[in-house]
Engineer: 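Before anything else, here's the structure in question.
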Amino acid sequence: MPLDTSAYSLALLRVDGRRWNELRRIHAQIRTQAAADGSSYLEMGHTKVMCVVNGPSEPGPRRGGVATGGGGGGGGGQSKNAEVAVNIVIAGFSSVDRKRRGRGDKQVFELQSTISQALAASLHTHLFPHSTINISLHVLSQDGSLLAALINAATLACVDAGIPMTDYVAACTAGSTSTYAANDEGADPLLDMNHQEEQELPGLTVATLGDSDRVAVLVCESRVQVSRLEGMLAVGVDGCKQVREILDRVVREKGIKMIQEGTVERGVGLNDMELD
Amino acid sequence: MADRRRINGPVGTTIAPIYDDAPEQKSQVAMATRSRPANVIRKMYLKTGVTPSASGSAYLEIESSGNGGSGLKLSCSVHGPRALPRSTPFSPHIILSTHVKFAPFATKQRRGYLRDPIERDLGTHLEAALRGSIIADRWPKSGVDIIISIVEGEQDREISKAQGIEAWDTMNALSGCITVASAALADAGIDCVDTVAGGVAALVQDAGDDAAPSIVVDPIPAEHEKVLAACCIAYLPTRQEVTNLWFKGDLPASDMDVYTQLVEKGIQASKSANRVLVDCLNETVG
Amino acid sequence: MASSQHVLLSPAELAYLHASLSLTPPIRPDGRSPTQFRPLVAETGILPGTNGSARICFADGTEAIVGVKAEVERTRTRHDFPSLDEGAEGDDDDLEDNQHDVVKGDNDWVEMTVEIPGYRDDDAGTVFLSAMLSEALLADGEFTKRLWINRRFHWKLYLDILLISPPLSYPLPLLSLTTHLALLATRLPRLKSEGDEDPLFDDDWAAAAYLYPRPAAKKGSKKTTSFATPTARPPVTLLVMAVGNNIIFDPSKEELAVADVALAVSVGESSNPSSSTAMDIETEETKGHHNLRILSVRTIDPPSRLTPPGIPNASNSAYGANAAGAKDTEKKKQQQEQARTAESEAVEGVWKAPRGGAKPLVLAALVQKVLEKGGVADEVLDALDGVDLN
């Protein structure tokens with residue numbers, strides 16, 4: 001579907017009415033499911049994903065041929081670090097045209113190993129030797145920024161599971177308003193691309209570790225002019241900070257709610273937290 | 001999942017349309033009707049020990065319907081009991097693995113080399129049926145493979161692919177699979193509480209004036225106008241127990257009697273098949 | 001799969017569970033009555049990108065999402081044997097027949113996939129589940145007729161069933177109920193074109209028709225519910241098990257681990273009682289009851305057959321069964337005898353995996369219990385009526 005990118009230069013508004021530096025609506029929930037150790041549900045615009053975390057636990061009996069996408073934290077059983085096994089299921093009904101992805105889909109494998117490596121680096125896997133952290137992600141609806149949404153959901157679920165980690169891994173996408181070929185000097189960077197923009201424009205996914213500017217994941221799969229890359233990255237990193245704020249708020253709100261309901265006791269060091 | 005390792009032939013046959021306006025050649029082949037009594041199963045031939053290299057094996061053939069169709073031909077081999085590979089966790093029981101496969105040429109529609117969902121489903125049914133009969137705790141830490149290949153499926157040459165027929169054929173195939181696997185297990189000397197045999201009964205609507213639906217055992221779907229419901233039973237005659245039950249169809253719930261009768265007839269069919277099975281095994285021993 | 005799933009219960013625990021479930025009335029670990037279901041949370045229409053969707057959460061945390069997507073597909077015309085046999089005249093007949101009685105379906109028009117995390121989609125258990133669910137759906141042959149557009153086109157319906165949580169209990173009832181709700185909520189765009197021309201649809205989603213049409217709700221009618229109940233509905237598959245003489249519904253994983261027999265029963269509800277086969281006295285009966293139909297029954301291989309057995313004291317060496325004097329052959333023989341009786345006979349309080357099958361009478365009782373008037377199937381369908389479909 002050709003996207004009329006020229007419209008942007010007229011009003012500086014994108015197809016869905018956002019400015020260049022605006023995120024889509026992010027809505028997240030944690031502890032959505034009682035059976036799992038940790039779970040989350042995250043919407044970034046129309047991209048909707050669910051995450052379920054089980055573990056750290058003893059690595060179960062290897063079931064025949066189950067693709068544990070990319071053992072980021074080293075190989076489970078004997079290693080000193082916990083293995084982070086990520087499994088992504090992309091529902092057939094998630095995109096506009098139904099497309100069924102088999103288990104052996106290379107793109108899914110790549111997503112799995114990217115997430116696995118990113119989380120293995122920020123989770124304190126050395127605390128859980130000989131064990132596995134199973135992260136299973138379900139994509140219910142896709143509208144761009146899939147990898148970013150998956151990383152954010154996985155982070156939230158890990159927080160819910162209470163697995164020690166250095167900080168949030170918050171991710172978002174950034175792009176540029178003009179295509180590679182257009183060679184437009186005055187191209188603006190764009191924050192948080194939707195599916196239509198992703199099809200048409202160069203873009204990258206970036207994830208940072210908490211408040212710092214340290215980049216945990218950087219994936220760029222499109223042709224983009226070098227001069228624009230820096231701008232895109234800067235916007236992306238800035239977006240990650242906004243995402244981190246949102247994720248943090250979700251976690252805090254849920255925590256406050258749980259304390260108020262008496263599900264958990266108020267811990268030490270929480271005195272500075274406002275319960276309102 | 002597509003089979004990408006082999007060069008597969010076309011899935012079905014294609015027939016060029018024929019524009020022929022000779023109405024007199026209309027050869028109205030009378031639809032085959034059932035000649036057997038309603039409670040008699042077809043003749044079957046069963047022989048054990050057909051595959052020398054396997055620890056147990058059996059071959060089953062059920063006679064064809066008579067008008068150029070093919071019967072059911074199954075061969076089963078049992079490998080084991082044998083030690084499980086090192087990597088498998090401890091099991092206090094014998095681990096059954098059942099594998100049912102139609103030969104590519106077994107049916108009118110060519111089957112691929114990979115097992116399709118119907119074949120996998122049959123395998124699960126078969127496993128449930130056999131697990132009830134095997135005394136599984138006599139072989140801890142071991143496994144047995146039961147491999148059935150359906151060399152020829154039941155097909156009527158005259159009947160074109162009418163809808164829903166294959167679905168009922170799978171029931172007949174399952175009952176054959178159960179009987180032949182049971183014979184092969186006995187041949188392999190694996191302890192069972194009893195020989196289990198399969199039987200099918202169906203509620204059928206016959207052609208012609210609105211005859212009341214009747215229950216027949218061992219149905220050939222092509223012989224009837226419509227099959228309303230069918231059930232496949234795996235039965236242990238001496239213990240009088242059912243190890244597997246598969247009912248399919250559409251019956252009003254107020255009509256529980258019909259359902260009960262179907263199950264009873266299924267058991268009866270299974271008992272008849274079991275007689276053949278026992279005779280065959282006695283012959284081998286004696 | 002789930003039937004061969006590992007249950008982490010010791011033989012002693014299994015024996016205790018089995019004993020308490022075979023009491024009259026049975027005592028279930030979670031205190032439910034034998035026919036009581038676990039509470040659940042259900043919602044429909046959660047995914048605007050699908051034609052119909054539903055989500056169900058059981059209280060134990062298992063959760064499933066079903067999305068239904070429909071695509072227009074060209075109907076393949078068959079050049080099959082009949083046209084050969086019957087010649088040209090037959091063909092003409094066919095054409096005329098088609099003018100009158102056209103609506104017919106094909107089972108290929110429905111594609112169902114079941115996704116269970118951690119299991120391959122061609123795993124035997126997954127295939128078994130999807131075979132069971134689609135078997136019930138296609139059993140009456142009425143369902144695919146709903147997908148017919150005209151003689152050249154039909155809807156192809158994709159049912160994607162996702163189990164979100166790890167499979168804690170046998171997921172069949174959960175998946176079936178979720179599929180049921182998703183199908184009830186499924187809507188197809190209204191057809192604007194006529195006859196056999198290329199289909200053209202109304203863009204207005206509000207005008208889209210339900211796959212399972214509902215009678216127009218009369219204003220000011222006695223009905224308290226805000227929506228009308230559909231007349232026909234998709235099938236529901238229920239899991240029933242028996243322990244001893246007790247029949248237990250909606251078993252949890254632990255209960256299933258001591259089941260003597262487990263059965264999956266699919267029931268449907270038909271709108272037209274006239275089509276039923278043998279007899280019908282339905283018309284006089286009260287309206288509150290559902291016009292149930294039995295669509296499929298399958299035995300589920302109970303995981304109890306794979307549970308580790310306990311060892312009775314008689315054959316336990318720690319209790320002196322194989323004590324010091326085991327050398328002399330006579331004693332040994334005696335012990336072997338003892339061991340044999342221990343193998344074949346049940347010892348009170350010592351768990352032994354059930355052997356053999358189920359008595360036909362038990363199986364009949366299980367099905368009877370599901371289908372009887374005011375039985376569990378009625379109850380479940382009534383409860384599902386309470387879910388707000390939007």
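Small disclaimer: the values here were computed from a predicted structure and weren't measured. Every chain is numbered from 1 and lettered A, B, ... according to where its sequence line falls, protein lines coming before strand lines.
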Engineer: Sort out for me which residue in C:Val68, C:Asn51, C:Val66, C:Leu162 forms a side-chain contact (heavy atoms from CB on, under 4.5 Å) with A:Phe93.
Structural biologist: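 Running side-chain contact (heavy atoms from CB on, under 4.5 Å) over C:Val68, C:Asn51, C:Val66, C:Leu162 with A:Phe93 returns exactly one hit, C:Leu162.
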Engineer: Among A:Gly92, A:Ala34, A:Cys51, which residue has the highest count of heavy-atom pairs closer than 4.5 Å to chain C?
Structural biologist: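 Option with the top pair count is A:Gly92.
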Engineer: Roughly how far, to the nearest 0.5 Å, is OG1 of A:Thr32 from CZ of C:Arg55?
Structural biologist: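 The OG1 atom of A:Thr32 is 7.0 Å from CZ of C:Arg55, to the nearest 0.5 Å.
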Engineer: Counting only non-hydrogen atoms closer than 4.5 Å, does C:Ile164 touch chain A with its backbone (N, CA, C, O), its side chain (CB onward), both, or neither?
Structural biologist: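 Both the backbone and the side chain of C:Ile164 come within 4.5 Å of chain A.
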Engineer: Looking only at heavy atoms, what is the nearest atom pair of C:Leu163 and A:His138, with distance?
Structural biologist: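 That closest heavy-atom pairing would be O-CE1, 3.4 Å.
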Engineer: Using non-hydrogen atoms and a 4.5 Å limit, figure out which bit of C:Val41 sits close to chain A: side chain, backbone, both or neither.
Structural biologist: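 Neither part.
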Engineer: Measure distances from C:Thr50 to the heavy atoms of chain A and classify the residue's part below 4.5 Å as side chain, backbone, both or neither.
Structural biologist: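 Contact with chain A: side chain only.
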Engineer: For the CD1 atom of C:Ile46 and the NZ atom of A:Lys48, what is their distance to the nearest 0.5 Å?
Structural biologist: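 Interatomic distance, C:Ile46 CD1 to A:Lys48 NZ, rounded to 0.5 Å: 8.0 Å.
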Engineer: Given that the side chain runs from C-beta out, which part of A:Ser95 has a heavy atom under 4.5 Å from chain C: side chain, backbone, both or neither?
Structural biologist: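 Interface part for A:Ser95: backbone (N, CA, C, O).
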Engineer: Does any backbone or side-chain atom of C:Thr113 lie under 4.5 Å from a heavy atom of chain A? Answer side chain, backbone, both or neither.
Structural biologist: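 Side chain of C:Thr113 only, per the 4.5 Å heavy-atom cut-off to chain A.
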Engineer: Which atoms of C:Glu63 are under 4.5 Å from chain A, going by heavy atoms: the side chain, the backbone, both sets, or neither?
Structural biologist: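 Both parts, backbone and side chain.
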Engineer: Just so I know, are the side chains of C:Lys156 and A:Arg98 near enough to count as touching, which here means a heavy-atom distance under 4.5 Å?
Structural biologist: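 They are not in contact (no side-chain heavy atoms under 4.5 Å apart), so the answer is no.
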